[in-house]
Amino acid sequence: MTNLKIYNTLTRKKETFEPIKPGKVGIYVCGPTVYDACHIGHARSVVVFDVIVRYLRAIGYEVTYVRNFTDVDDKIINRAGELGISTQELSERHIKEFYEEMDALNVERATIEPKATDHIEEIIEVIERLVLRGHAYEAGGDVFFAVETFKDYGKLSGRRLDEMQAGARVEIDEKKRNPFDFVLWKGAKPGEPMWDSPWGKGRPGWHIECSAMSTRFLGYHFDIHGGGKDLIFPHHENEIAQSEGALGEQFVNFWVHNGFVKIDQEKMSKSLGNFLVIKEILKQYHPEALRVFLLSNHYRSPVDFTHQSMVEAGDGIEKIYAFQQRIDGLLGPSRNEQGPGPLWENFCRAMDDDFNTARGIGLVFETVRQLNRLMDDIGERPGQQDQARLVSTRADLMRIGDVLGILTEAPDKFFEQKQADLLERKGIDIAVVERRIADRARAREQKDWAEADRIRDELSAMDILIEDRAGGTNWKVSKPKD
RNA sequence: GGCGGCAUAGCCAAGUGGUAAGGCAGCGGUCUGCAAAACCGUUAUACACCGGUUCGAAUCCGGUUGCCGCCUCCA
């Protein structure tokens, strides 16, 4: 029994989450159509649902998570044609890339990751049912869904057929009975991928693959269906029509949609040429910085991708690692199992409120500040109570990290790695730096502050920052400025 | 034209009717030879505007303005 509340697009309200089968959750999320590289918008959707699934598991649900690849579609066919390769080759290439990027982003694999082309049989079965039940009709080798036969059509997106017709620019297809009818099965054209069907050779339309695959793996009626907000209409609306039309019962309980990513205040779009591809982002920023950035906003709000936000997110993640490092230094790096403490409880309260990761992250920073102060006060020898508090917080922090998909590295390694990257990028010679620091230490011993400061300036010009500590001098590479 | 969303300090951002989390930047301080790092303090008579409901609203209702999204492939 939890207190999890989830905003449901279908009802436009936050509702208490009750799974259909106690203790189990079935969730389907629309994955990419694999015709091009994944952009930051895909990253948001995938990361958001990754965290949702991780959280559901953390609070004890057994989750079956299905995320599909749509690997047959007009865009894929067109792109493959342009590149002179097969659709299969194109989609395999992008699926491979998708996995590489998702691994880099520390996104867990879904339980099942089906491809549309592996489930043509199920797709055909759904269409046959729809034809049988009078929801679909064949016309000239194509099969269409007749929207007027489904009286709930529009219930997800809050539209009504008669209202839409006025202003919508819908491609006119003479074969359709209603302009909003959509294709379930497309008759084959030469050179396109095709499969046999009761209506001749052809291929599935967009939408139907998700109805078929979700039912195949999660049953007629399942708990959560997710995706980007842009999928509400027509994609998810049509899925509901198909699935409920074919099966005659409620399809999904909770519809969950994430907001868009903007770039420097502008909508990301091909015409503006501001499509940011994950690959490129990861060249410039740490993957955990990207996760923190994405999760610092509520998942339903739009989020604006800017360099400044990314730098701040990167600083934030470093601050947490530095804090962990400090506790490890004080208490030793052991990761003893600890029961959940107050930090975790508070985090769950935030997550229970429609997966409020932004509040959860705020909580983490607040705790970091409080315990940094505590460590300032207690010095080298923490009392038993303080020690217990630090150990418990560290354990909770790891638990939270597991849900948010961050803090995956040991702090020492994280900083080493970061240093190594910067050193390489800036072409800095460690031996030179250390020699100069030794020179400076000598100067400082002789209280030759002018010389010491001169060396510090010299190093600073090389982007080396000096930190004089009790045990000696630390140094690190300063961050890139742009 | 239809449907929906958003408007909180210099910037980003949370906010579940009871009196504004968090982060960044800034300022003052502790520490330091001076710095850096870390920490402390400080930064919204106030949540676009106007009304209303309420003992009480950023939070509910109505209206106004501005921005955005969807209605066409899109995470």
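In what follows, chains are A, B, ... by sequence order, proteins preceding strands, each numbered from 1. Scope of the values below: all heavy atoms of this structure, side chains included, with no hydrogens, waters or symmetry mates.
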For F233(A) and G5(B), give me the distance from atom CZ to atom P, rounded to whole Å. 17 Å
Reckon G158(A) touches a base, only the sugar-phosphate, or nothing at all at heavy-atom distances under 4.0 Å? sugar-phosphate
Measuring to OP1 and OP2 of A36(B), would you say a side-chain N or O of N474(A) lies under 4.0 angstrom away? no
Whole Å only: how far is the CD atom of E445(A) from the P atom of G33(B)? 14 Å
Which residue lies more 5' along RNA chain B, comparing G228(A) with G360(A) via nearest heavy atoms: G360(A)
Pairwise C1' distance, C27(B) and A9(B) [rounded to whole Å]: 15 Å
Once hydrogens and angles are ignored, does a donor-acceptor distance under 3.5 Å link the base of C34(B) to the side chain of D468(A)? yes
Please measure how far the C1' atom in A57(B) lies from the corresponding atom in U45(B), and state the result in whole Å. 16 Å
For the atom pair OG1 (T70(A)) and NZ (K75(A)), what is the distance rounded to the nearest 0.5 Å? 8.5 Å
Please determine, for the side chain of Q308(A), which listed nucleotide (C11(B), A75(B), U72(B)) has the closest atom? C11(B)
Can a donor-acceptor pair under 3.5 Å be found between the side-chain atoms of D453(A) and the base atoms of G33(B)? yes
Is there a ring-ring contact (aromatic ring centres under 6.0 Å, His included) between F254(A) and H225(A) once you walk through the steps? CA-CA 6 Å; F254(A) 285 82; H225(A) 191 131; over 10 Å; no
Taking the C1' atom in each of C47(B) and A14(B), what is the distance between them to the nearest angstrom? 13 Å
Distance between the P atoms of A7(B) and A58(B), in whole angstroms? 15 Å
Parallel, tilted or perpendicular: which describes the rings of F222(A) and Y28(A), with under 30° parallel and over 60° perpendicular? tilted
Closest to the M268(A) side chain: C24(B), G33(B), A75(B)? A75(B)
Name the nucleic acid region contacted by L231(A), choosing base, sugar-phosphate or nothing; use a 4.0 angstrom heavy-atom cut-off, strictly under. sugar-phosphate
Test D142(A) against every option in K175(A), K189(A), K186(A), R203(A) by the salt bridge (charged side-chain N to carboxylate O under 4.0 Å, His left out) rule and name the one that passes. K175(A)
Name the nucleic acid region contacted by G259(A), choosing base, sugar-phosphate or nothing; use a 4.0 angstrom heavy-atom cut-off, strictly under. base
When you measure from the side-chain N and O atoms of N258(A) to the phosphate of A75(B), is any distance below 4.0 Å, counting only OP1 and OP2? no
So what's G1(B) paired with, Watson-Crick or G-U wobble, going by both distances under 3.5 Å? C71(B)
Roughly how many Å is it from CG in D353(A) to P in U16(B), rounded to a whole number? 7 Å
From CZ of F365(A) across to P of A13(B) the rounded distance in Å is 15 Å
Side chain of K75(A), heavy atoms from C-beta onward: which of A38(B), C71(B), C73(B) has the nearest atom to it? C73(B)
Check: E237(A) side chain, G154(A) main-chain N or O, donor-acceptor pair, under 3.5 Å: yes
My understanding is that a pair needs two contacts under 3.5 Å, Watson-Crick or G-U wobble. By that rule, which nucleotide pairs with C39(B)? G29(B)
Say you pick atom C1' in C39(B) and the same atom in C50(B); how far apart are they, in whole Å? 46 Å
As a test of reading the structure: which of C24(B), A14(B), C73(B) is closest to the side chain of S301(A), going by heavy atoms? A14(B)
May I ask which nucleotide in the shown strands pairs with C49(B), Watson-Crick or G-U wobble, both distances under 3.5 Å? G63(B)
Please check: side-chain N/O of S214(A) versus main-chain N/O of S211(A), any donor-acceptor pairing under 3.5 Å? yes
Need one value for V261(A): base, sugar-phosphate or nothing, where a base atom within 4.0 Å counts as base even if backbone is also close, heavy atoms only. base
Donor-acceptor contact present, side-chain R399(A) to main-chain W344(A), <3.5 Å: no
Classify D230(A) by what it touches in the nucleic acid, base, sugar-phosphate, or nothing, heavy-atom distance under 4.0 Å. base
Would you kindly check if the NZ (Lys) or CZ (Arg) of K176(A) is within the cone defined by 45 degrees around the ring axis of F144(A) and under 6.0 Å from the six-membered ring centre? no
Whole angstrom is fine here: how far is it from CZ in R12(A) over to C1' in C70(B)? 12 Å
Between C24(B) (P) and F293(A) (CZ): distance, integer Å: 16 Å
Candidate nucleotides A75(B), G33(B), G2(B), ranked by approach to the side chain of R159(A) - the nearest: G2(B)
Selection from G23(B), A75(B), A13(B) that lies nearest to any side-chain heavy atom of H39(A): A75(B)
Taking the C1' atom of each, how far is U59(B) from A35(B), in whole Å? 46 Å
G33(B) base stacked by W449(A) (centroids within less than 5.5 Å, tilt under 30°): yes
Which is true for R454(A) with a 4.0 Å heavy-atom rule: it touches a base, it touches only sugar-phosphate, or it touches nothing? nothing
Any side-chain N or O of N356(A) below 4.0 angstrom from OP1/OP2 of A14(B)? no
R359(A), nearest nucleotide to its side chain (from A75(B), C24(B), A14(B)): A14(B)
Between atom CG in D354(A) and atom P in G5(B), what is the gap in whole Å? 14 Å
Under 3.5 Å, is there any donor-acceptor pair linking the side chain of R456(A) to the base of C34(B)? yes
Take atom P in G10(B) and the same atom in A48(B), then report the distance between them in whole Å. 14 Å
For the C1' atoms, the ones on A25(B) and on G18(B), what distance do you get once it is rounded to whole angstrom? 33 Å
Closest to side chain of E366(A), choosing from C70(B), G22(B), C24(B): G22(B)
Quick one: K155(A) NZ to G4(B) P, roughly how many Å, whole number? 17 Å
Would you mind telling me which residue lines up with the more 5' stretch of RNA chain B, H235(A) or R326(A), judged by nearest nucleotide? R326(A)
So G41(A), base contact, sugar-phosphate only, or nothing? Heavy-atom distance under 4.0 Å. base
OP1 or OP2 of A37(B) sitting under 4.0 Å from any side-chain N/O of K319(A)? no
Side-chain atoms of R369(A) come closest, of G33(B), C40(B), A75(B), to C40(B)
Cation-pi between R159(A) and F180(A): NZ/CZ under 6.0 Å from ring centre and within 45° of the ring axis? no
